[in-house]
Amino acid sequence: MLKDLSKIRNIGISAHIDSGKTTLTERILFYTDRIHRIQEVRGKEGTGATMDHMELERERGITITSAATYCTWDDHHVNIIDTPGHVDFTIEVERSLRVLDGAILILCGVAGVQSQSMTVDRQMRRYKVPRLAFINKLDRSGANPARVTEQLRDKLGLNAVPLQLPIGLEADHQGVVDLVSMKALRFEGDNGEHIVEEEIPSEMRDEADAARENMLDAVSLFSDELTEAILEEQVTEELVREAVRRGVLANELCPVFLGSAYKNKGVQPLLNAVTAYLPSPLDVENTGVDLSADEAPIVLASDPQKPLVALAFKLDETRYGQLTYLRIYQGSMGKGSTIINSRTRKKLKVGRLARMHADKMEDIEQAGAGDIVALFGVDCASGDTFADESVQVAMSSMHVPAPVISLSVKPADNKAADNMAKALGRFVREDPTFRAGVDPESGETVISGMGELHLEVYVERMKREYSVDVATGAPQVAYRETISQRAEFDYTHKKQTGGSGQYGRVGGYVEPLEDGRDFEFVSEIRGGAIPTEYVPSVEKGVRSALGKGTLIGFPIVGVRFVADDGNSHSVDSSDMAFQTTGRDAFRQVYPKARPIVLEPVMKLAIEGPNEFQGAYIKTVMQRRGTIIGTTEEGGFCVVEAEVPLAEMFGYATDLRSLSQGKAEFTMEFSRYMPVPGDVQEELVERFRTPGKGDQK
């Protein structure tokens, strides 16, 4: 078991799709002797990168699941998680950042800060994860690290400070100047494994001196000792590194490193920076809640001697059985030890404990605080906390966005139906943003997720991993209904069925909720008009009516229900009677409150050559979209827009054909907005005439 926690680093590698995350991870594994041959990311013919171990990932050249591995560098134990860049797999990034102490944000030296870079940055801020920036692909035509650093400041609001300068760019990229040691670093050998340290080229000396001065100005804010040393002209490398580390740990500084992972340049200095600047488990304060003290927050200590607290952040079905990835925050666990699931209170004996290297594993006897390990055969859900028997502690779970798109799936025969049920059960356990269920009206199995690609990948995995041939229906958008004006109600429920009947009366009003919440129930009942014990029954009844609106059959959100009057009967009133009263009162007032349909609106970013800019904008306008802005740089342009999800099906094909395959887009959920009147009429008509359209 690792004793020295100060020498552990838990890091994630995150970026926009196709920025070189997996390529960089491959180089890191090579330089740390975890692999002996570098594999490239793309290609059915090639073996594919180590971290893209799923066949689908290798074919598409994208990362779908976050993969975990570890390596040793400079006497430090580094756990690495390579995360997907595609927005449809955002939960993989989310759950990785939840358990990591630090991260590397990779940016393309040509494209710079892209739409998904912003999403990843937002996720890092949510979990207060300190980061280093690595500007990759400096060997590419159009690479401009100075511009990308400026974008880090302007677009992401980071205090981005370069610690390196490039020696040559594009085809002439040879290495970097280290502004801390003031040496030039070149990377030689077949795979850049030999670092040659030499004097800074004379033609770059003035530029390097000026850049170092700017760097010292920026980092001296985090160290009084460095400020004094600058005044006395006695700056040492240790003082600079200490100041940079303080700034990074405070999340107020983002050091910028440069290179080209594909051309094997700049990776080793980045590894040095990971061990020098990113936090160890001792530098991070992690909190949980004490279930035995009314969920009071408690600080967890990265101490192997204290009672165990660990978070299951990812489930994975592998050839070895179900794998549960755990981050140990406090205490230690070993083979044979007994742990408890804080949610279910079930005891569990640790059978097999392992460290993962992509889809390969290495058995270990024991692991302690700060480690990321895997358990086998554990029945749990993603986000469960495991703890020692002596404590009742839970970790806060991660942020899980709601699905925005659904698809009906139908198996070809009975055998396929059994396998499909197994596959869906597994996928739902593994991925909190993927949902599966049966539509009570049509009896169809419906799957929901974050986008077309998300669902497409799961359908493809069912075929490959479970031999399930499924027919898919037309995609369905997750619409919502809401009210647009205040309306009053006074509803009496009376039912006589021999013996005691049912009686309840409730009066009040409904009004729109402006703050984005789904529902608020307010009781202003005075003088016992409705007995106190029946007020929650009214709320329960109203909530039951919100599940399905009468306009187009989707859930109702954004409603404040205020009950301020009512009546009861000493014999005929009951919990059930007031539930029915609440439900029917809402159903009666809903049409009076001018209900409207809300649709998910997506944030769309299209990136491609300038020559097609007009065509990009035209496709957005044709899809009821709104252009937010366009930027042009180096022959490429970015069009940012907001477009209703309902209009985006099949967009990938259209964009490919109009740009000769040169443009790409990313899309993520932005917010719910009212649909235009004519669209609402069409949706309502479809709902009332089943079979006329593809909405239910």
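Numbers here simply count residues along the sequence, with the first being 1.
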Is the backbone of [Y] close enough, under 3.5 Å, to the side chain of [X] for a donor and an acceptor to pair up by distance?
X	Y	result
Ser220	Leu226	no
Gln268	Gly192	yes
Glu193	Asn191	yes
Asn136	Ala261	yes
Thr32	Cys71	no
Asp303	Gln305	yes

Inset, instruction - Show your working on side-chain contact (heavy atoms from CB on, under 4.5 Å) between Leu5 and Ser280 and close with a plain yes or no. - result: CA-CA 7 Å; Leu5 289 174; Ser280 75; 5.7 Å; no
Is any side-chain heavy atom of [X] closer than 4.5 Å to a side-chain heavy atom of [Y]?
X	Y	answer
Ile135	Thr149	yes
Gln392	Arg345	yes
Leu163	Tyr277	yes
Ile11	Leu278	yes
Pro162	Pro145	no
Val99	Tyr329	yes
Met333	Leu375	yes
Pro269	Gln164	yes

Inset, instruction - Output, in order, the C-alpha distance, side-chain angles, deciding distance and verdict of side-chain contact (heavy atoms from CB on, under 4.5 Å) for Glu252 and Asn159. - result: CA-CA 6 Å; Glu252 291 174 13; Asn159 181 15; 5.6 Å; no
Which pairs with one or both residues in [range] pass salt bridge (charged side-chain N to carboxylate O under 4.0 Å, His left out), sequence neighbours excluded?
range	answer
residues 266-283	Arg245-Asp283
residues 254-273	Asp139-Lys263
residues 327-343	Asp101-Arg327, Lys335-Glu365, Arg343-Asp384

Minimum heavy-atom distance [X]-[Y], with the two atoms named:
X	Y	value
Asn10	Pro281	ND2-CG, 4.2 Å
Ala436	Ile447	CB-CG2, 4.1 Å
Ser223	Ala243	CB-CB, 3.6 Å
Gln366	Gly334	CG-CA, 3.8 Å
Ala312	Thr324	CB-CG2, 3.6 Å
Val148	Gly109	CG2-O, 3.7 Å

Distance (rounded to the nearest 0.5 Å) between [X] [atom1] and [Y] [atom2]:
X	Y	atom1	atom2	answer
Asp178	Phe257	CG	CZ	8.0 Å
Asp371	Leu326	CG	CG	10.5 Å
Arg131	Leu253	CZ	CG	11.0 Å
Lys7	Asp75	NZ	CG	4.0 Å
Asn264	Phe30	CG	CZ	8.0 Å
Leu455	Phe427	CG	CZ	11.5 Å

Legend entry - Asp121/Arg125 ion pair, N-O < 4.0 Å: yes
[X] and its side chain to side chain contact (heavy atoms under 4.5 Å, CB included) partner, picked from [options]:
X	options	answer
Lys347	Asn341, Thr338, Ile339	Thr338
Val113	Leu152, Leu158, Leu105	Leu152
Gln330	Val393, Val299, Val309	Val309

Inset, instruction - Apply side-chain hydrogen bond (donor to acceptor under 3.5 Å, both in side chains) to Lys183 and list each qualifying residue two or more places apart in sequence or on a separate chain. - result: Glu199
Inset, instruction - Using the six-membered ring wherever Trp is involved, compare the ring planes of Tyr458 and Phe434 and label them parallel, tilted or perpendicular (cut-offs 30° and 60°). - result: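 Tilted, since the angle between the ring planes falls between 30° and 60°.
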Legend entry - ring-ring contact (aromatic ring centres under 6.0 Å, His included) involving Phe187 - partner list, sequence neighbours excluded: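 Once residues adjacent in sequence are excluded, Phe187 has no partner under the ring-ring contact (aromatic ring centres under 6.0 Å, His included) criterion.
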Legend entry - Which residues share a ring-ring contact (aromatic ring centres under 6.0 Å, His included) with Phe222, sequence neighbours left out: none
Inset, instruction - Just do the side-chain contact (heavy atoms from CB on, under 4.5 Å) check on Val244 and Val161 with the steps written out, would you? - result: CA-CA 10 Å; Val244 172; Val161 177; over 6 Å; no
Legend entry - side-chain contact (heavy atoms from CB on, under 4.5 Å) between Glu225 and Glu242, intermediate numbers included: CA-CA 10 Å; Glu225 296 92 328; Glu242 183 55 40; over 6 Å; no
Inset, instruction - Would you indicate whether Lys155, at its atom NZ, is surrounded by more than 12 heavy atoms from other residues, nucleotides or ligands within a distance under 6.0 Å? - result: yes
